[in-house]
Novice: 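Dropping the structure in here first, questions after.
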Amino acid sequence: MTHGDLTPSNLLVEGDRLVGVLDGGGFAPADPSLDLVAAWHLLDDERRALVRSELPCDDLEWWRGAAWAFQQAMGLVWYYRESNPGMSTLGQTTLARIVNDPEFSAPTSGSPGAR
């Protein structure tokens with residue numbers, strides 16, 4: 001099951017702990033990599049690397065999560081530009097995290113950056 005929209009506005013935190021998730025009415029069977037979108041929206045490079053090292057996902061699933069985040073972030077940028085500038089900024093930040101991630105820009109065989 002996946003939430004599909006784990007963005008900061010749907011998470012409740014107290015201090016440094018997650019204490020709740022909002023907007024859960026749309027849970028449905030889906031690609032498990034959708035749950036990785038939150039790592040791109042919420043975490044800096046170091047924390048994202050920690051999460052990845054602790055998850056039992058392979059490279060392809062991780063890359064699909066980044067692709068889902070990229071798609072969602074593109075929509076956030078333009079859709080919320082006027083009505084919710086904070087969400088638009090979140091999209092811009094997420095896009096920057098993805099395009100600046102060294103793993104995605106390294107031209108090695110088998111990686112997303114391969115030519």
Novice: Would a distance-only check, ignoring hydrogens and angles, find a side-chain to backbone donor-acceptor pair under 3.5 Å from R97 to H41?
Specialist: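 Yes, because the side chain of R97 sits within donor-acceptor range (under 3.5 Å) of the backbone of H41.
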Novice: Restricting to non-hydrogen atoms, name the atom on D45 and the atom on R48 that form the minimum distance, rounded to 0.1 Å.
Specialist: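 Nearest pair, atom of D45 first, then R48: OD1-NH2, 2.7 Å.
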Novice: Write down the atom of L90, the atom of P8, and the distance for their closest heavy-atom approach.
Specialist: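 Result for this residue pair: CD2-CD, 3.5 Å.
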Novice: How about V77 and L95: do any of their side-chain heavy atoms sit closer than 4.5 Å?
Specialist: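 Side-chain contact under 4.5 Å: yes.
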Novice: Are side-chain heavy atoms of W68 and S33 found at a separation under 4.5 Å?
Specialist: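 Of all side-chain heavy-atom pairs linking S33 with W68, at least one is under 4.5 Å.
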Novice: List the steps, then state whether salt bridge (charged side-chain N to carboxylate O under 4.0 Å, His left out) holds for R52 with E61.
Specialist: CA-CA 11 Å; R52 183 172 187 194; E61 187 173 356; over 6 Å; no
Novice: Set out, in order, the CA-CA distance, both residues' side-chain angles and the distance that settles side-chain contact (heavy atoms from CB on, under 4.5 Å) for V13 and V19, then state yes or no.
Specialist: CA-CA 5 Å; V13 295; V19 295; 5.7 Å; no
Novice: Between V37 and A69, what is the shortest heavy-atom contact and its length?
Specialist: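 In this case the closest contact between V37 and A69 is CG2-N, 3.7 Å.
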Novice: Is any side-chain heavy atom of M74 closer than 4.5 Å to one of Y79?
Specialist: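 With C-beta onward as the side chain, the pair stays apart.
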Novice: Mind checking the CG-OG spacing from N84 to S9? Nearest 0.5 Å is all I need.
Specialist: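 Here the rounded value is 8.0 Å.
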Novice: When you check the side-chain N and O atoms of Q72 and W40, is any donor under 3.5 Å from an acceptor?
Specialist: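 No, W40 and Q72 have no side-chain donor paired with an acceptor closer than 3.5 Å.
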Novice: Do L76 and T94 have side chains that approach each other closer than 4.5 Å (heavy atoms only, starting at C-beta)?
Specialist: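 Not touching, per the 4.5 Å side-chain cut-off.
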Novice: Considering non-hydrogen atoms only, spot the tightest contact between L18 and L12 and give its length.
Specialist: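 Looking at all heavy atoms of both residues, the closest pair is CD1-O, 3.5 Å.
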Novice: Looking at CG of L36 and CH2 of W63, how far apart are the two atoms once the value is rounded to the nearest 0.5 Å?
Specialist: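 Between atom CG of L36 and atom CH2 of W63 there are 13.5 Å.
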Novice: Within the side chain of D31, is there an N or O that forms a donor-acceptor pair under 3.5 Å with the backbone of L34?
Specialist: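 Flag not set: sc D31 to bb L34 has no pair under 3.5 Å.
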Novice: Looking at R64 and D59, does any basic side-chain N land under 4.0 Å from a carboxylate oxygen?
Specialist: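 D59 and R64: not salt-bridged.
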Novice: Begin with the C-alpha distance, continue with both residues' side-chain angles, and end with the deciding distance and a verdict on side-chain contact (heavy atoms from CB on, under 4.5 Å) for L11 and V21.
Specialist: CA-CA 5 Å; L11 302 176; V21 177; 4.0 Å; yes
Novice: Show your reasoning for whether side-chain contact (heavy atoms from CB on, under 4.5 Å) applies to F70 and V99.
Specialist: CA-CA 9 Å; F70 190 89; V99 300; 4.0 Å; yes
Novice: Starting at CG of L42, measure out to OG1 of T93 and round the result to the nearest 0.5 Å.
Specialist: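 Spacing of CG (L42) from OG1 (T93) equals 11.0 Å.
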